[in-house]
Amino acid sequence: QVQLVESGGGLVQAGGSLRLSCAASGRTFSSYAMGWFRQAPGKEREFVAAISWSGKTIYYADSVKGRFTISRDNAENTVYLQMNSLKPEDTAVYYCAAAGALALRLISNEYDYWGQGTQVTVSS
């Protein structure tokens, strides 16, 4: 069982930055691939970024590539999402997720555990 708690969301102007954190409970955090997803009002949840258990393999959605950076600290049981050059279309609830696999996962139904989400609002 893994419990995930996101933090770091908020209101920021376009062009600004935010850093999301996701703290995981449990001693086996390093056994999980981690991902970030987001859901805007009226839209389906979409993939943002994923990272393998070791942090050596990373994948981004095209919409955030070059602006967002995913990373993890297995000693601290935490995964991060650094978001730079934010745009109004990045406004959404951002969710952290854990998959019981070492390799990264890109599809939401491959993830086993989800956080409660944190709101990110980018004003124009």
Side-chain angles (χ1 to χ4, degrees):
Q1 187 79 11
V2 176
Q3 292 185 327
L4 305 172
V5 179
E6 302 99 333
S7 61
L11 173 64
V12 64
Q13 289 187 331
S17 298
L18 283 174
R19 188 193 196 200
L20 305 184
S21 298
C22 173
S25 65
R27 297 178 296 173
T28 59
F29 175 74
S30 61
S31 299
Y32 289 84
M34 300 297 295
W36 287 95
F37 291 77
R38 67 186 182 186
Q39 188 167 18
K43 295 187 177 181
E44 293 187 352
R45 188 172 298 186
E46 66 173 357
F47 169 79
V48 175
I51 188 167
S52 65
W53 73 276
S54 65
K56 292 183 179 179
T57 306
I58 289 172
Y59 193 84
Y60 297 100
D62 287 343
S63 58
V64 307
K65 199 172 296 183
R67 300 187 298 122
F68 290 11
T69 302
I70 188 172
S71 62
R72 67 188 295 162
D73 184 339
N74 287 343
E76 296 294 328
N77 284 10
T78 303
V79 62
Y80 303 97
L81 186 67
Q82 177 67 44
M83 305 186 295
N84 298 329
S85 302
L86 283 161
K87 305 175 182 180
E89 51 263 43
D90 294 319
T91 295
V93 177
Y94 283 71
Y95 297 90
C96 165
L102 300 181
L104 59 81
R105 295 289 185 263
L106 306 182
I107 302 173
S108 61
N109 62 12
E110 294 181 301
Y111 284 82
D112 304 297
Y113 303 100
W114 293 83
Q116 82 289 348
T118 185
Q119 176 71 47
V120 171
T121 303
V122 184
S123 63
S124 56

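Just so it is clear, the structure is predicted and the values come from calculations on it, not from any experiment.
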Self-check item: Rounded distance [0.5 Å steps], CD in E46 versus OG in S108
Solution: 11.0 Å
Exercise. To the nearest 0.5 Å, tell me how far T69 OG1 sits from L81 CG.
Key: 8.0 Å
Practice problem: Could you tell me whether a side-chain N or O of N77 sits under 3.5 Å from a main-chain N or O of A23, the two making a donor and an acceptor? | Solution: no
Practice problem: Report, as yes or no, whether the 6.0 Å neighbourhood of atom OH on Y59 holds more than 12 heavy atoms from other residues, nucleotides or ligands. | Solution: no
Exercise. Using modelled atom types only, decide if a donor and an acceptor are shared between the side chain of S52 and the backbone of A103 within a distance under 3.5 Å.
Key: no
Quiz item: What closest approach, in Å, do E110 and L106 show between heavy atoms, and which atom pair accounts for it?
Solution: OE1-N, 3.7 Å
Exercise. Using the salt bridge (Lys or Arg N to Asp or Glu O under 4.0 Å) rule, take D90 and K87 through it: C-alpha gap first, then chi angles, then the decisive distance, then the call.
Key: CA-CA 5 Å; D90 294 319; K87 305 175 182 180; over 6 Å; no
Practice problem: Provide the closest heavy-atom pair for N84 versus S17 in the form atom of the first, atom of the second, distance. | Solution: OD1-OG, 2.9 Å
Quiz item: What are the two closest non-hydrogen atoms of K43 and Q39, and how far apart are they?
Solution: O-NE2, 3.1 Å
Exercise. Please lay out, stage by stage, how C96 and V79 fare under the test side-chain contact (heavy atoms from CB on, under 4.5 Å).
Key: CA-CA 8 Å; C96 165; V79 62; 3.8 Å; yes
Exercise. Tell me whether Y94 is reachable from F47 by hopping between hydrophobic residues (I, L, V, M, F, W, Y) whose side-chain heavy atoms are closer than 4.5 Å.
Key: no
Exercise. For residues Y80 and I70, determine if any side-chain heavy atom of one lies less than 4.5 Å from a side-chain heavy atom of the other.
Key: no
Exercise. Establish whether L20 and M34 are linked, either directly or via other cluster members, by ILVMFWY side-chain heavy-atom contacts under 4.5 Å.
Key: yes
Quiz item: How about F68 and W36: are their ring centres within less than 6.0 Å of each other?
Solution: no
Self-check item: Close side-chain approach of Q116 to E6, heavy-atom, < 4.5 Å
Solution: yes
Practice problem: Group every Ile, Leu, Val, Met, Phe, Trp and Tyr by side-chain heavy-atom contacts under 4.5 Å, then state whether V120 and F37 land in the same group. | Solution: no
Exercise. Compare every heavy atom of A24 with every heavy atom of V2, then report the nearest pair and how far apart it is.
Key: CG1-CB, 4.2 Å
Quiz item: Any donor and acceptor pair, going by atom type alone, linking the side chain of S25 with main-chain N or O of Q3 inside 3.5 Å?
Solution: yes
Quiz item: Which heavy atom of A40 sits nearest a heavy atom of A92, and at what distance?
Solution: N-CB, 3.8 Å
Practice problem: For Y111 and A33, indicate whether the former's side chain and the latter's backbone hold a donor-acceptor pair under 3.5 Å. | Solution: no
Quiz prompt | side-chain hydrogen bond (donor to acceptor under 3.5 Å, both in side chains) between T121 and Q119, intermediate numbers included | solution = CA-CA 6 Å; T121 303; Q119 176 71 47; 3.3 Å; yes
Exercise. Evaluate whether atom NZ of K65 has more than 12 neighbouring non-hydrogen atoms of other residues, nucleotides or ligands under 6.0 angstrom away.
Key: yes
Exercise. State plainly whether one hydrophobic cluster holds both L104 and Y60, where clusters connect Ile, Leu, Val, Met, Phe, Trp and Tyr through side-chain heavy atoms under 4.5 angstrom apart.
Key: no
Quiz item: With distance as the sole test, does N74 use its side chain to make a donor-acceptor pair with the main-chain N or O of W53 at under 3.5 Å?
Solution: yes
Quiz prompt | Side chain R19, main chain Q82, donor-acceptor under 3.5 Å | solution = no
Quiz prompt | All pairs passing salt bridge (charged side-chain N to carboxylate O under 4.0 Å, His left out) where residues 68-80 contributes a residue, at least two apart | solution = none
Quiz item: What are the two closest non-hydrogen atoms of G8 and L18, and how far apart are they?
Solution: O-CD2, 3.8 Å
Quiz item: Do W114 and V48 share a hydrophobic cluster (ILVMFWY, side-chain heavy atoms under 4.5 Å, transitive)?
Solution: no
Self-check item: Lys NZ or Arg CZ of R38 over Y95 ring: under 6.0 Å, within 45°
Solution: no
